[in-house]
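Comments concern the structure below.
Both counts, for ligands and for their atoms, begin at 1 and track the order of listing.
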Amino acid sequence: MRALILHGAGDLRLEDVPDPVAGPGEIVIDVTAALTCATDAKMVAAGAHPALGPLPAPLGHEVAGVVREAGEGAGWRAGDAVVVANSAPCLDCPECREGRPNLCRRITYLTGAFAERLRVPAAIVRRNVHPLPAGLDPALAAAAEPLACAVHTTRSCGPLAERRVLVLGGGVQGQFLTRLAARAGAEVTLLDPHADRRATALGNGAARALPVPADDRAVEALRAQADAGLVIEAVGRPAAWRMAVQLARPGGEVVFHGGCPAGSDLSLPSGPIHYSELTLRGAYHHTPEAFAEAVATIAADPGFIAQLLHTPIGLDGVPHALSASRGVKHPVMPMR
Ligand SMILES: [Zn+2]
Ligand SMILES: [Zn+2]
């Protein structure tokens, strides 16, 4: 079969590789649709990532498909249409026992969705594979993985009704966070330099969508105006992390949802962190619960996902798509 294999930083190749075979508890799916993701672009640029095995490694982690082969005890049958998560927790380590399975120290990750077929490890088959909801376009269902990250982050913030929330960044994750927070009753202000992304955010329930403040004085004016007790950073750059801290109101919480490039160091203003008693924390990945909720959310609201997807491409179009437009989501149809 054909598969995209990452050999090193910037070295992504479309290759012929042996067909995968399902072992006990595993399934092999024919990939119907995968999605490109900014994380894929990050993996290619760096040639490494926590969710990526040692190189050479197959790429792609947002996927829907049809079961081709089911190993003994897998619980699926050939022909079943499925949505597959890119990880599964062990449920037995200290972090899993503390109810934080997204931080599992023995997490099983899965990449290799940019291929004609994909072998799904038994741990994921057991805990994180769902039937494709009836009538749902598989390309939309494949967005369950990135949406699950936004579900995890918004859930971790507690009840959002009536809260004033500031979202930094109107990329795919910023739009997901805006939609979820607005649906939960928050009053969302979104910041993004691009007018089209601001318009999309208003369509997704943001009360306000504003350009990024140009200097510290404009940041301070916006902080006073937005009066946000919760700031969610969804850009993934140190400058945006800094601005997120500057924009929280006293006693507020800042959640870093966007991962910065590997090895990034931060410079943050100590004043508001100390005198305004800000709470700063990261948010990473998703849980099986969040993934299940994401699948259900997409089934109930597919149009919301469809507006965020760009033109479908084949496997041969992926390397260019990842280098040309990092944040853009293209459906990847391996069979075309
Ligand atoms: Zn992704
Ligand atoms: Zn664990």
- Message: Do His61 and His49 make a side-chain contact, defined as non-hydrogen atoms from C-beta onward lying under 4.5 Å apart?
- Response: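 Heavy-atom side-chain distance check fails, nothing below 4.5 Å.
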
- Query: Is there side-chain contact between Leu280 and Leu268, with at least one heavy-atom pair below 4.5 Å?
  - Reply: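 When only atoms from C-beta onward are counted, Leu268 and Leu280 do touch, with a gap below 4.5 Å.
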
- Message: Do Ser156 and Arg281 pair up side chain to side chain, a donor and an acceptor below 3.5 Å, judged on atom types alone?
- Response: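 There is such a pair between these side chains.
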
- Got an N, O or S from Cys149 under 2.8 Å of the Zn ion (ligand 1)?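 So Cys149 does not count as coordinating the Zn ion (ligand 1).
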
- Under 2.8 Å: N/O/S of Asp40 next to the Zn ion (ligand 1):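 Given the 2.8 Å cut-off, Asp40 does not count as a ligand of the Zn ion (ligand 1).
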
- Item | the Zn ion (ligand 2): angle it makes with SG (Cys104) and SG (Cys93), nearest 10 degrees |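 If I round to 10°, I get 120°.
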
- Message: Is the ring pair His310/His330 parallel, tilted or perpendicular, if the boundaries are 30 and 60 degrees?
- Response: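 Perpendicular, since the angle between the ring planes exceeds 60°.
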
- Item | Geometry at the Zn ion (ligand 1) - Glu62 OE2 versus Cys37 SG angle, rounded to 10 degrees |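 If I round to 10°, I get 100°.
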
